[in-house]
Amino acid sequence: MDKIIVTAAGISTIVWIIWFFLFSKKEAFKASVTSGVQEVMIKVKGGYTPDVIVAKAGKPLRLRFTREEESSCTEMVVFGAFNKSAKLPPYEEVIVDLLPEKPGEYEFSCQMGMIRGKLIVEE
Amino acid sequence: MAGKKVVPSATTGISKGYTGEVRVELPIIITCSTCSITLDRSLRALDGVSEANVNYALQKAFVTYDPSRIDIARLVGTIKEAGYEVGAEKVSLKIRGMTCASCVRKIEDALNTSPGVVRADVNLGSGSANIRYLPAMTDVESLKKTIESTGYKVGPEESPPKEEDARHREYRTLFRKFLLAAVISLPVVVVSYPKFFPVLKDMDMNALRTLWIGASILTIPVLVYSGSSFFRGMVAAFRHRSADMNTLIGLGTGMAWLFSTVVVLFPDVFPENAREPYFDVVSVVIGLVVLGQALELRAKGRTSEAIKKLMGLQAKTARVVREGREMDIPIEEVLVGDVIIVRPGEKIPVDGVLVEGHSSVDESMLTGEPLPAEKKEGDEVIGGTINKTGAFRFKATKVGKDTALAQIIKMVQDAQGSKAPIQKLADAVSGYFVPVVMVIAVTSFVLWYDLGPEPRLILALLGAVTTLIVACPCALGLATPTSLMIGVGKAAENGILIRNGEAIQVASALDTVVLDKTGTITIGKPTLTDIITSEGFSEEGIIRFAASLEKNSEHPLAEAILEGAKSRNIATSDPEDFRAVPGHGVEGIVDGHRINLGNRKLMDKIGADPGTLEENSHALASEGKTPMFVAVDGRAAGIIAVSDPLKEDSVEAIQRLGKLGIEVVMITGDNKRTAAAIAKKVGIERVLAEVLPEDKAREVKNLQLEGKKVAFVGDGINDAPALAQADVGMAIGTGTDVAIEASDITLIKGSLLGIAAAFSISKSTMKNVKENLFGAFFYNTALVPVAAGLLYPVWGVTINPILAGAAMAMSSVTVVSNANRLRFVKVR
């Protein structure tokens with residue numbers, strides 16, 4: 001009997017893990033537009049908040065990162081597709097300017113790729 | 001910024017109560033080249049602005065405004081909103097003796113009414129003033145004076161916490177965390193294995209339970225302090241619906257503690273054989289992983305040594321002459337146009353042109369060139385290099401982030417932060433890694449529980465916990481970037497600037513190098529060597545015709561001819577109808593004679609018979625000289641030959657490339673015979689001669705179509721398309737800005753030896769990356785299944801959770817240490 005319960009609980013946990021970490025939808029954050037520049041403020045602490053950013057193609061995008069921790073994991077943010085990276089000194093605002101030209105999904109992450117965010121560029 | 005009270009002053013320092021308009025000049029930096037908004041329109045739309053003009057060339061905005069209606073901060077805000085930066089400097093000054101809120105106003109007003117201040121904010125809490133100012137109008141010294149005029153003292157300047165300090169602090173914190181865990185682990189381990197210790201082994205179960213409750217309480221500080229980052233990180237990641245190393249360690253140790261605590265508090269819930277706690281796993285694993293993190297951080301600090309060395313080259317102060325007065329000012333305040341005095345042994349603070357005196361300058365730190373360079377009036381000096389013998393004055397041409405050193409630092413930093421394509425695999429894996437490990441841990445628990453031997457519950461728990469602890473996603477993530485950091489830094493130390501990780505990866509796999517002849521293999525300064533005349537023409541006459549024709553041309557060959565005329569004291573006249581015939585030469589009229597100057601094809605084209613000159617031309621070309629035919633009124637009149645000496649180390653460099661297994665191809669616009677002669681001298685077998693400048697890129701493409709991975713090396717003149725077409729474009733030596741822009745690798749010094757060095761560094765770096773990636777993949781794919789218990793049914797092998805913690809802690813340290821080995825790789 002106990003084996004059946006443990007097995008059932010185990011399988012449900014596995015299903016939940018797969019759904020939660022790999023398939024559940026994350027909330028997207030739309031970049032706000034001021035005078036032609038799209039802008040988003042991103043808090044860096046154990047992750048990026050927001051970590052899914054929606055921006056319009058063809059318009060300059062300004063990301064304002066503030067790293068609110070001293071853990072060295074997050075000391076750099078890398079935009080592989082844009083060949084851009086920035087050092088994020090703790091508790092200081094760092095601006096990353098991008099020009100997303102083609103619509104699509106672009107990942108950004110810390111240097112080790114452990115902490116990730118996604119930039120969704122729409123038409 | 002908007003909505004703030006109108007400050008009745010601005011950069012112009014107009015006093016309160018002033019009415020009327022003010023014109024101000026704001027330096028702007030265009031950071032976003034595609035912003036289509038016309039800035040002047042947005043500025044003009046502001047209430048209080050009557051006139052606004054943005055000059056892109058000057059990078060300045062001229063604004064006329066009414067200070068009683070709008071303040072400068074508002075203007076700056078508008079400029080920033082439009083996507084531009086205002087070229088204002090930021091400084092934070094500590095103010096002492098500030099006690100009340102009214103002091104804040106007093107100081108703020110004083111600052112905001114002083115010339116050159118864009119915006120000043122005084123913060124009572126931190127006791128500091130954050131000031132944005134225009135360096136062209138004021139300096140830190142006068143800002144300090146302004147504050148002191150209000151009766152407060154200014155403390156030492158406060159610079160924002162440096163990365164270095166942050167790292168150092170983190171290291172100390174990690175070490176303290178480790179110490180606490182270590183101290184607590186001792187008694188916890190002892191009570192966890194009572195049968196090995198004299199007094200404990202005789203205790204009864206009740207007494208032991210009391211000790212275990214003590215251990216449970218004792219491990220709380222380890223969880224809360226030493227392991228805090230794991231739990232906080234786990235929660236933060238969970239909120240982002242992601243999981244990382246923190247999740248694994250947090251879950252593993254958290255589960256172990258929770259189970260153990262429940263076991264000692266309510267033993268009856270569990271079967272007789274499963275009433276043992278595992279507090280030792282909690283404290284020892286946390287201690288080990290924290291220690292691993294501390295060691296890793298230390299090793300990582302060393303990976304950025306190269307960039308630190310570059311940054312250390314920057315001078316702190318400069319001795320400038322302003323209004324006839326010598327003064328020492330911080331390097332940040334040096335302006336373009338300042339005249340700076342440098343004494344023997346001093347560091348040259350910024351880039352500039354020498355205006356008075358002469359000296360020899362050690363530039364080895366930037367170029368790797370061991371011999372000091374002689375500098376005289378008109379020569380360029382580079383910031384960060386060291387003046388050796390004489391004193392001189394120079395005029396600053398580039399300051400701040402425009403200096404060569406600053407750009408080199410930026411390029412190296414950018415490259416160190418970039419990704420190599422090889423990392424894609426690791427990135428893809430690490431995205432799924434942690435959830436997959438969690439799934440394996442749950443599976444392990446279920447299988448141990450369902451199929452394993454007794455005590456099933458304990459073994460199931462240990463299986464899951466060990467799986468979580470042993471997995472190390474960090475090693476995967478660290479593998480590529482750490483080696484890249486060191487490789488790029490190592491290259492920079494040798495005068496080689498690598499644009500990004502991709503360049504390093506491609507450069508490590510090249511098999512062909514195309515070398516431009518002029519300026520790359522040769523020094524690029526041809527001189528006139530031979531003159532051969534047909535009957536009826538004098539040497540002097542031929543030179544005069546050729547030199548006059550080429551008078552206004554800027555071609556290196558033309559310069560050689562003109563220089564040759566000058567050294568022979570031959571006067572030249574002005575050409576008429578001068579015209580270049582692409583691929584052939586030039587033509588025009590000199591002193592009433594039609595003159596053609598060019599290659600053999602040109603003679604054919606105009607129907608001139610070269611006669612015996614043809615043989616002479618072959619002989620000259622076979623010596624590696626470039627012969628040019630001169631025709632006067634359609635008759636072949638003579639040959640002028642120029643020769644461009646080889647760079648000293650070209651032969652050695654080409655040999656080295658050969659040893660690295662790289663085929664060397666020479667490309668040149670020169671005639672086949674000359675090209676072949678030069679190629680023979682330096683030991684190149686494959687030659688592409690008579691290639692028009694615009695066809696260089698196509699030749700590179702042809703080689704690529706042969707299936708070769710091609711590097712193109714050029715000095716930048718006409719080379720940009722070929723540099724861009726090649727798999728790896730290398731700009732060499734005095735590379736022009738265009739070439740550096742188009743190239744993947746820049747060799748700061750002119751020597752070809754840099755090419756082999758760049759390849760060997762790229763190769764070592766990629767080898768190191770592969771070792772790291774293999775190690776990290778192997779470690780995880782081997783140990784995770786073993787920890788889960790895969791080998792138990794066959795050989796009865798599992799991993800002790802404490803050993804798992806040690807292995808996990810060591811794995812990332814090993815990756816970083818292996819990367820650090822790169823620092824000692826010999827460059828050759």
Side-chain angles (χ1 to χ4, degrees), chain A residues 2-4 6-11 13-14 17-18 20-22 24-26 34-37 39 45-51 58-60 62 69-73 75-80 83-92 95 97 99 101 107 109-117, chain B residues 31-37 42 78 81-83 160-163 166-167 169-170 173 229 232-237 239-246 297 300 413-414 416-419 423-424 426-427 430-432 434-435 438-439 442-443 445-446 449-450 460 473-474 476-478 481 500 502:
Chain A
D2 56 334
K3 285 187 184 176
I4 297 172
V6 166
T7 311
I11 292 173
T13 313
I14 289 172
I17 289 172
I18 293 172
F20 185 82
F21 290 110
L22 302 178
S24 67
K25 276 263 179 291
K26 291 180 187 181
T34 38
S35 329
V37 186
E39 218 177 48
K45 194 178 183 184
Y48 302 106
T49 316
D51 57 359
K59 271 193 176 172
R62 173 163 289 180
E69 62 183 350
E70 280 184 6
S71 148
S72 66
C73 287
E75 70 184 6
M76 191 175 242
V77 60
V78 183
F79 289 82
N83 210 353
K84 244 197 173 150
S85 63
K87 282 236 158 104
L88 308 175
Y91 310 106
E92 233 179 84
I95 292 175
D97 283 318
L99 182 65
E101 288 183 89
E107 283 221 329
S109 65
C110 70
Q111 203 186 11
M112 287 191 233
M114 297 293 306
I115 292 162
R116 289 148 185 262
Chain B
T31 51
C32 138
S33 55
T34 46
C35 296
S36 54
I37 319 293
S42 343
T78 308
E81 269 166 35
K162 290 269 151 41
E163 182 194 346
R167 277 228 169 126
R169 269 205 306 278
E170 201 192 344
T173 314
S229 61
R232 259 191 278 136
M234 176 169 84
V235 173
R239 282 215 193 102
H240 291 97
R241 305 204 167 201
S242 67
D244 54 18
M245 183 207 77
N246 295 321
L297 197 72
K300 256 162 91 188
Q413 274 177 333
D414 283 352
Q416 289 186 328
S418 72
K419 284 195 174 183
Q423 203 184 342
K424 278 207 182 110
D427 275 353
S430 64
Y432 300 101
V434 178
M438 284 156 75
V439 167
V442 175
T443 314
F445 186 95
V446 172
Y449 193 87
D450 289 355
C474 275
L476 269 184
L478 279 170
N500 53 33
E502 192 178 348

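In what follows, chains carry the letters A, B, and so on, assigned in the order in which the sequence lines appear, proteins first and then strands, with residues in each chain numbered from 1.
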Greatest number of heavy atom pairs closer than 4.5 Å to chain A - which of B/Asp450, B/Val439, B/Thr443: B/Asp450

Portion of A/Thr7 that has a non-hydrogen atom of chain B nearer than 4.5 angstrom: both

Quick one: does A/Tyr48's side chain have a donor or acceptor within less than 3.5 Å of a partner on A/Cys110's backbone? yes

May I ask you to name which of B/Ala243, B/Ser229, B/Gly233, B/Ala426 has the most heavy-atom pairs under 4.5 Å with chain A? B/Ala243

Part of B/Gln423 within contact of chain A (heavy atom distance under 4.5 Å): side chain

Around B/Glu170, counting heavy atoms of other residues, nucleotides and ligands shown, do more than 12 lie under 6.0 Å from its CD? yes

Which region of B/Asn500, side chain (C-beta onward) or backbone (N, CA, C, O), has a non-hydrogen atom less than 4.5 Å from a non-hydrogen atom of chain A, or is it both or neither? side chain

I need the minimum non-hydrogen distance between B/Asn246 and B/Met234, along with the two atoms involved. CB-N, 3.7 Å

Cut-off 4.5 Å, heavy atoms of chain A, and the answer for B/Leu297 is side chain

Within a reach of under 6.0 Å around OH of A/Tyr91, are more than 12 heavy atoms found that belong to other residues, nucleotides or ligands? yes

To the nearest 0.5 Å, what is the distance between CD1 (A/Ile95) and CD (A/Glu39)? 7.0 Å

To the closest 0.5 Å, what do you measure between CG (B/Leu476) and CG (B/Leu478)? 9.5 Å

Can you say whether A/Ser109 sits under 4.5 Å from chain B via the side chain, the backbone, both, or neither, judging by heavy atoms? side chain

